[in-house]
S.K.: 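Structure in structure tokens, see below.
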2 protein chains.
Amino acid sequence: METRCENCIVRKFNSLRAMNKEELKQVSDNKVYKKFKKGEALFEEGEKLNGVYCVRNGVSKLSKLSANGKDQIVKLATTGEVMGQRAVIVEEPTNLSAIAVNDVEVCFVPKEIIVGTMHKNPDFTLEVLRHMAHDLKEADDVIVNMSQKTVKQRVAEAFMYLKNNYGVDEEGFLNLTLSREDIANVVGTATESCIRIISEFKKKELLKTSGKRVAIVKEKELQDLIDGF
Amino acid sequence: METRCENCIVRKFNSLRAMNKEELKQVSDNKVYKKFKKGEALFEEGEKLNGVYCVRNGVSKLSKLSANGKDQIVKLATTGEVMGQRAVIVEEPTNLSAIAVNDVEVCFVPKEIIVGTMHKNPDFTLEVLRHMAHDLKEADDVIVNMSQKTVKQRVAEAFMYLKNNYGVDEEGFLNLTLSREDIANVVGTATESCIRIISEFKKKELLKTSGKRVAIVKEKELQDLIDGF
DNA sequence: AACAAAACCTGACAAATATCATGTTTTTCC
DNA sequence: GGAAAAACATGATATTTGTCAGGTTTTGTT
């Protein structure tokens, strides 16, 4: 396992790439490697975060509990992404929980290091800003989808998202398998509705399944459905 | 009309407050004052923005056109807020249109000045970052509301939002009057559904109206409805 | 392997919401 | 001030989605 941030490939994909050697060394000297098993919480909504989590491996769901007791998954965070930045920047408790979808390895970086670097290195701050700007755009898109697309379209979109971001195995099954409930919580619908729609897609041969694993069969038709044709 | 940014009260509310005297002078020397009438577009989705818009007066709706031809209003931008920051930072065409809800006055600040300051003054960058972090949190909340609350709850919430952010006049009517269609586009529903719900609220005496003006009558009951009681 | 727990699935029905059609009121503009 | 346009309003109906209730299959554990 590579233990020096300076040589960590993961860093290339996030805002830490804008740090200089000295700053990276400081991160490296203070980071704590942590492991979470599938289903474990990295942190929970309302918690004060003392640092950020740089994902080395695995996927976490970032979700928020709604008044009616359902979780809404706002984002999936993958290798290379940094979680908890927002809360550290505004010095507020985090508004989201992070739960491991599969086994997750992260490097925890104390907030003092992040905040200190932001005051000294404008390039780093700007890089963080760019990432946050990107997240904000994605959030805007989600809002529009939520209100303007049907549940069916959103379910279809969720599978396309999984294919495009995590790929498929030799048999064509999605590399990242979510439970039906998780998919429902991404899409913002009832679990039963989600299952029903998946069944319908299977009947129409847009998808095929094997246990909880899902494969996209007719990608174009699925995309047309998303686009409203 | 105050023409020097150094003395502009509006600046106190946005990220420009982190600029030093010299930087502000530069903004002041390069800014362009612009006026837009109700209904006019400050900029449109897909446009490249050559700068940011600092709102001196009035309210604009930031919206995105969906595939089915409906506008989704993602945010309302008011006095003191800066529009277009996101697009300038990531150097992409803007993902949102800005339309004046009432007469709007803005100062247009060329992007070179904003970007230049971000490279030199980490405090400014950090301040922009804080504002964007705040926007991102709000966006997350909107996502959860969209998927977990009923249209009725969201309409009620929209009115509470208008009251809390723009206040009411002597008679109790909301200072910011939106058309039923705009409210529907904030809430993400059909205009008819929105009208119907307002009618229902009137019957229950939660609201009263006079033309398109709306007043909240029973605030507590309205809030209970939002919270799901 | 056997059991329990969790996840998945389906039907029946109820509730929420959209759509279409049509009429009324308000606003705008000449 | 009056005509035209836009916004508002409501009924009837169709569609979508959620809820509840009851199954089956899969997964995990001893």
Side-chain angles (χ1 to χ4, degrees), chain A residues 37-40 61 66-72 99 101-103 145-156 158-159 173 177-203 207-214 225 228, chain B residues 37-40 61 66-72 99 101-103 145-159 173-174 177-204 207-214 225-226 228:
Chain A
K37 287 214 199 84
K38 179 177 173 175
E40 283 183 337
K61 51 183 180 183
S66 71
N68 61 30
K70 269 192 195 161
D71 267 325
Q72 175 64 34
I99 314 280
V101 170
N102 42 34
D103 291 358
N145 277 346
M146 280 290 174
S147 69
Q148 307 286 3
K149 295 200 169 166
T150 63
V151 173
K152 207 175 287 184
Q153 288 175 308
R154 272 142 54 204
V155 171
F159 286 121
F173 288 103
T177 298
L178 295 180
S179 71
R180 305 289 193 260
E181 187 180 1
D182 278 346
I183 297 169
N185 289 346
V186 167
V187 164
T189 189
T191 306
E192 296 94 322
S193 299
C194 180
I195 289 173
R196 229 180 282 276
I197 288 167
I198 292 172
S199 298
E200 186 191 326
F201 286 170
K202 279 200 295 190
K203 256 180 221 137
L207 299 179
K208 66 178 177 181
T209 64
S210 165
K212 50 166 46 178
R213 293 190 311 154
V214 174
L225 194 151
Chain B
K37 287 214 199 83
K38 180 178 171 173
E40 283 183 337
K61 52 183 178 183
S66 70
N68 62 29
K70 268 192 195 163
D71 268 325
Q72 175 64 34
I99 314 282
V101 169
N102 43 34
D103 292 358
N145 276 346
M146 280 291 177
S147 70
Q148 306 287 4
K149 293 199 171 169
T150 64
V151 173
K152 207 175 288 184
Q153 288 176 307
R154 270 141 55 204
V155 171
E157 202 161 34
F159 286 122
F173 288 103
L174 297 170
T177 298
L178 295 180
S179 71
R180 305 290 193 262
E181 187 181 0
D182 278 345
I183 297 169
N185 288 347
V186 167
V187 164
T189 189
T191 307
E192 297 95 320
S193 298
C194 179
I195 289 173
R196 230 180 282 277
I197 286 166
I198 293 173
S199 298
E200 186 191 326
F201 286 170
K202 279 201 294 190
K203 258 181 220 139
K204 290 185 183 163
L207 300 178
K208 67 177 178 181
T209 64
S210 166
K212 53 165 46 177
R213 292 189 310 154
V214 175
L225 194 151
I226 294 169

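Throughout, a chain's letter reflects where its sequence line sits, starting with A, and its residues are numbered from 1. Everything numeric here is computed off the predicted structure, so don't read it as measured data.
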S.K.: Polar atom pairs between nucleotides 28-30 of chain D and protein, under 3.5 Å, N or O only, would you list them?
M.R.:
none

S.K.: Take B:Lys149 and B:Ile226, measure what side-chain contact (heavy atoms from CB on, under 4.5 Å) needs, and give me the verdict at the end.
M.R.: CA-CA 8 Å; B:Lys149 293 199 171 169; B:Ile226 294 169; 3.6 Å; yes
S.K.: What are the 5'-most and 3'-most nucleotides of DNA chain C lying under 4.0 Å from any heavy atom of chain B?
M.R.: C:dT17 to C:dC20
S.K.: Mind checking side chain to side chain contact (heavy atoms under 4.5 Å, CB included) for B:Lys204 and listing every partner two or more places apart, or none if nothing turns up?
M.R.: B:Glu200, B:Leu206
S.K.: Please table the atom pairs, donor to acceptor, closer than 3.5 Å between any side-chain atom in residues 181-195 of chain A and protein atoms at least two apart or in another chain.
M.R.:
residue  : atom : partner : partner atom : Å
A:Asp182 : OD1  : A:Lys61 : NZ           : 2.8
A:Asp182 : OD2  : A:Lys61 : NZ           : 3.4

S.K.: Specify the closest pair of heavy atoms between A:Asp71 and B:Gln148, including all atoms of both residues, with the distance to one decimal.
M.R.: O-NE2, 3.7 Å
S.K.: Say whether, by atom type as modelled, one donor and one acceptor occur between the side chain of A:Ser210 and the main chain of A:Arg213 under 3.5 angstrom.
M.R.: no
S.K.: B:Lys38: what forms a side chain to side chain contact (heavy atoms under 4.5 Å, CB included) with it, not counting sequence neighbours?
M.R.: B:Asp103
S.K.: Any idea which heavy atoms bring A:Arg180 and A:Val214 closest together, and the distance?
M.R.: NH1-CG2, 3.9 Å
S.K.: Once rounded to the nearest 0.5 Å, what's the spacing between atom CZ of A:Phe159 and atom CD1 of A:Ile197?
M.R.: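 Spacing of CZ (A:Phe159) from CD1 (A:Ile197) equals 10.0 Å.
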S.K.: Could you give the CD-to-P distance, from B:Gln153 to D:dG18, as a whole number of Å?
M.R.: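 To the nearest whole Å, that distance equals 14 Å.
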S.K.: For each nucleotide in nucleotides 6-13 of chain D, reading 5' to 3', give B when a protein heavy atom comes within less than 4.0 Å of its base, S when such contact involves only the sugar-phosphate, and - otherwise.
M.R.: -SSBBBB-
S.K.: To check you understand the geometry: which heavy-atom pair defines the closest contact between A:Arg154 and A:Met146, and what is its length?
M.R.: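 Smallest heavy-atom distance, with atoms named: NH1-O, 3.5 Å.
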S.K.: Minimum heavy-atom separation for A:Ser179 to A:Lys212, with atom names?
M.R.: CB-NZ, 4.0 Å
S.K.: More 5' along DNA chain C: B:Val151 or B:Ser210, using each one's nearest nucleotide?
M.R.: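 Checking each residue's closest nucleotide, the 5'-ward one belongs to B:Val151.
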